[in-house]
Amino acid sequence: MGEPYDVVIVGSGAAGGMAAYELTRRGLKVLMLEAGRDYDPQTETPMMQMPGDAPLRAEATPDKPFGFHDATVGGGWTVPGEPYTIAPGSQPFIWWRPRMLGGRTNHWARVSLRFGPLDFKPYSRDGLGVDWPITYEELAPWYDKVERLIGVSGGPAQGLLNVPDSPPGCLQPAPEPKAYEMLVSSAFKSMGIPTAPIRAAILTRALGDRPACIYATPCVRGCSIKANFQTPTVLLPPALATGKLTILTDAVVYEVEVGSNGLAKGVRWIDRKTGEHRGAGARAVVLAAGSCSSARILLNSTSPAHHAGIGNEHGMVGRYLMDSVGMKMQAQVPALEGMPSTNDDGMSIMHTYVPWWGHERQKELGFARGYHVEMNGGRVIPSLRLAAMLDGPEPIRGRALREAMRRRFGSVVTLSQRGEMIPNEHSYCELDPEVKDKWGIPVLRFHWRWGEHEIKQVEHAVSTFEEVFTRLKATPVDPIERDGAKAISKGGEIIHEVGTLRMGADPKTSVVNSLGQCWSMKNLFVCDGGVMPSSPDKNPTLSILALAWRSTSHMADLAARGELA
Amino acid sequence: MTGPVLLSRRTTLRWISAFAALHGGEAAAFAADASPARAIAPVKVGEGYGLDPNLLEPKQFWPRILGPGQLQVIEVVCDFVLPADGSGPSASSVRVHEFIDEWISAPYPIQSADRDLILKGIDWLSAASNVAVTGAAIDQSRIRHEVTRFLEEYRDLKTLAFYMRLRQLIVGGYYTSDIGLSEMGYTGNVPLQSYEGASAEARAWIAKAAQLLGLPEIR
């Protein structure tokens, strides 16, 4: 295996890809271990395929829960032989895991919002949760670098509270709004709520050897022309080009190995194809497997010196698991019927969103924190369900049916809430005392409970969306569920799980320091969403990239000074 | 009179009772509340496509289960819902009936539930139309004629769960085909050098819609 390596990185998603990019660029010899198979978006992405090119018109199935053309390989809500369990009495929790190079960066929506200054100091504002040990100003230069490197569209500056504007030169221009977005935005505006261009890791201008988006074919399939961000097309190629990176796929890491000096000396992993257990040595270890998988590795890394797992001296590993608050409402908008011909594909996700507007009204709202609103609609390729919505309840047929479908096409709008969850004692993961995976490694058992702030936040979003649709004279597709506890998403459903290995200023109440360095093992770093002490409404990937770059830059500094291990 | 003859309630009841005699008296319940009428023989289905199928060149993953007569019934329903007319081809010419066969032959839960419902529906519809859909002597043209006549004359299609679900799949199948999408007005999935936003006509139209709704002006 070409040992010794300077650093072994566990995982090849946003955090692992960023770590490999920075560490190899700084001259370190890196081994990356990915639990899934090798994957090449340039040859495997079903660009431009239509529903008729796929089984079942590409509809979702248990094998492909986001539809046949979704990029996810080898997993989904379940991974054969790699179960997880839910504790008795827990609210539902589901866990999305691909098994492929690049991990979840291959299929994510590409929404790339910076956390704002208020997001880093939530406890100071409302006494709930904890503050981050860093400020927005400390992370801002890393956001700048990430936006320039991966390409984020969404400019120009908007000047909205807690929605940081990027310095000139960071953001590419936002695309024009889609037709239906103009009408929906007008309804929000009538309620005093501003909308803004979405920030997306999708190019609207060429960047290096990557062309701009062609405004066709959904980003969740991945992108063979490299116009959106996924690590196999954007971060891993330059890392490999340094000659310093070795990537091993189908390598399932389960334990951090500790040397006689008390430091990490590498990891233990299983070859998925042969079942063979192997070791990989390095001077330092980066965990970037995803919040829950990284927590599981640490919990399984037991020894006399770490009887509860590495970093778990104070029982903090796995604690304060969070996900985004989710709820969606769909309505058919007669005012959009019969619009002149227009191409709404755009960059496949919305071009316009609604940043949280209630920062200065939190007390009167009755819940802490907030949410942003994502909108979807327009004349896009319908699913069978969307076709049924357009069709309406009466079994019309023939010319009447054709006329109705033409008229209503593009008139269904979906509003989705993405909100902040406050960390709580009842939401965490631990090792299941009984259940093991197919290789005999203990699996995670999840405990989940939404708090009262999240429930009230959902109820606020329901009434807001209802008001928007009323102003649009729209008809909700499904009966409106006003009970927030019933309308809220399942834990994990939004696939933004963060917070199991929180960073902090106090070793007793956190697992890593503000640079992702494990308090109890200085050459072990965590770079994924596990380090987040809070889960702002903004989708986490851009922040994971910025934090990972900052942490691994520090690692490279330590290595340069001979202080890495 | 050359148009379809509307069936009297008495005729409908006669058909249902004839079917009931044939199938143990449950057809009326099936027709009335759309619940499944009777068990059908277990159908062997294939495997799914798994967690890592070839997305670029997917093969046919599972065998089709419908026999020629059953497929003919589905084809008739397809063209009852969407016959060829001046604005589009028939659903069957876009091979929507084959999509239905693929759908109900799939091993997944939603498709399995649909399989149960639609196979029973084919049974019921063929019996009510007095045509055979299995066995050696299948008369395709008679199936087409009689099932079409039944559908045109039956007054309570909306109460038939199998018809409503089948119709939903037919509409979905047609409007997710390239022809259906184009007919509906979809102009996307073409590479563009830049995205210019809504067309000028659409922009003006949206501005007018906002005005009619009493919403803030869109410029």
Side-chain angles (χ1 to χ4, degrees), chain A residues 37 44 46 48-57 61-63 68-69 73-76 80 175-179 182-183 186-187 189-190 214-217 335-336 339-347 379-382 384 387-388 391 395 397-399 401-402 405-406 409-410 471-473, chain B residues 48-53 55-56 58 60-61 80-83 85 87-88 99 102-103 106 108-111 157-158 163-164 167-169 171-173 175-178 181 183-199 201-203 205-206 209-210 212-213 215-216 218:
Chain A
R37 75 158 169 87
E44 297 192 58
M48 315 303 288
Q49 261 79 347
M50 296 293 280
D53 298 323
L56 307 175
R57 299 295 161 93
T61 68
D63 282 338
F68 186 76
H69 288 137
V73 164
E176 289 290 316
K178 301 181 188 183
M182 298 165 70
L183 190 65
S186 182
K189 191 176 173 187
S190 75
I214 56 172
Y215 306 104
T217 200
L336 287 169
M339 186 167 52
S341 179
T342 187
N343 179 349
D344 288 334
D345 273 8
M347 54 181 196
R379 289 174 174 169
V380 295
I381 297 172
L384 260 63
D391 175 23
R397 60 194 185 92
R399 282 179 181 276
L401 173 59
R402 291 185 199 272
M405 294 298 284
R406 272 195 299 271
F409 182 44
R471 289 175 185 230
L472 289 168
K473 293 188 167 52
Chain B
Y49 48 64
L51 300 177
D52 192 8
L55 303 185
L56 298 176
Q60 181 175 314
F61 289 98
F80 175 72
V81 174
L82 282 167
D85 59 36
S87 53
F99 160 67
E102 180 208 4
W103 182 272
Y108 301 111
I110 291 172
Q111 287 74 14
L157 286 172
K158 196 178 173 182
Y163 173 77
M164 293 301 282
R167 181 186 169 285
Q168 205 172 53
L169 292 172
V171 172
Y175 285 105
T176 53
S177 72
D178 290 358
L181 277 161
E183 180 186 314
M184 201 158 49
Y186 178 67
T187 57
N189 205 44
V190 290
L192 302 175
Q193 286 205 319
S194 62
Y195 183 77
E196 305 298 338
S199 62
E201 295 79 11
R203 207 173 264 268
W205 194 91
I206 286 281
L212 290 172
L213 289 167
L215 297 174
I218 296 174

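Residue contact with chain A, scored on non-hydrogen atoms closer than 4.5 Å, involves the backbone of B:Gln193 exclusively. Using a 4.5 Å cut-off between heavy atoms, B:Ile206 touches chain A through backbone and side chain atoms alike. Only the side chain of B:Ala106 comes within contact range of chain A, judged by heavy atoms closer than 4.5 Å. The contact between B:Glu196 and chain A is made entirely by backbone atoms, counting heavy-atom distances below 4.5 Å. The part of B:Ile218 that comes within reach of chain A is its side chain, from C-beta onward, which places non-hydrogen atoms under 4.5 angstrom from that chain. With a 4.5 Å cut-off on non-hydrogen atoms, A:Asp53 touches chain B through its backbone but not through its side chain.
Contact tally against chain A (heavy-atom pairs below 4.5 Å) for B:Ser177, B:Pro83, B:Ala209: the top residue is B:Pro83. In terms of heavy-atom pairs under 4.5 Å with chain A, the best-connected choice from B:Arg203, B:Lys158, B:Met164, B:Arg167 is B:Arg167. Ranked by heavy-atom pairs under 4.5 Å with chain A, the list B:Phe61, B:Phe80, B:Trp103, B:Tyr163 is led by B:Phe80. Ranked by non-hydrogen atom pairs under 4.5 Å with chain B, the options A:Pro80, A:Gly410, A:Gly76, A:Gly398 are led by A:Gly398. When B:Gly173, B:Pro109, B:Gly88 are compared by the number of non-hydrogen pairs under 4.5 Å with chain A, B:Gly88 comes out ahead. Looking only at heavy-atom pairs under 4.5 Å with chain B, the residue among A:Ala187, A:Pro175, A:Gly52 that has the most is A:Ala187. If you tally non-hydrogen atom pairs under 4.5 Å between each of A:Pro62, A:Ser186, A:Gly74 and chain B, the highest count goes to A:Ser186.
Between A:Asp345 and B:Tyr195, the side chains place no donor N or O within less than 3.5 Å of an acceptor N or O (distance only, hydrogens not considered).
Looking only at side-chain heavy atoms (C-beta outward), A:Thr61 and B:Tyr49 come within less than 4.5 Å of each other. The closest side-chain heavy-atom distance from A:Leu472 to B:Leu215 is below 4.5 Å.
Applying the side chain to side chain contact (heavy atoms under 4.5 Å, CB included) rule to A:Glu44 yields the partners A:Arg37, A:Tyr39, A:Asp40; only residues at least two apart in sequence or on another chain are considered. Applying the salt bridge (charged side-chain N to carboxylate O under 4.0 Å, His left out) rule to A:Arg402 yields the partners B:Asp85, B:Glu183; only residues at least two apart in sequence or on another chain are considered.
Annotation: B:Leu51, atom CG; neighbour count of heavy atoms from other residues, nucleotides and ligands within 6.0 Å is above 12.
Aromatic pair A:Phe409/B:Tyr175: centroids not less than 6.0 angstrom apart.
Separating the CD atom in B:Gln60 from the CD atom in B:Glu102 is a distance of 7.5 Å, to the nearest 0.5 Å.
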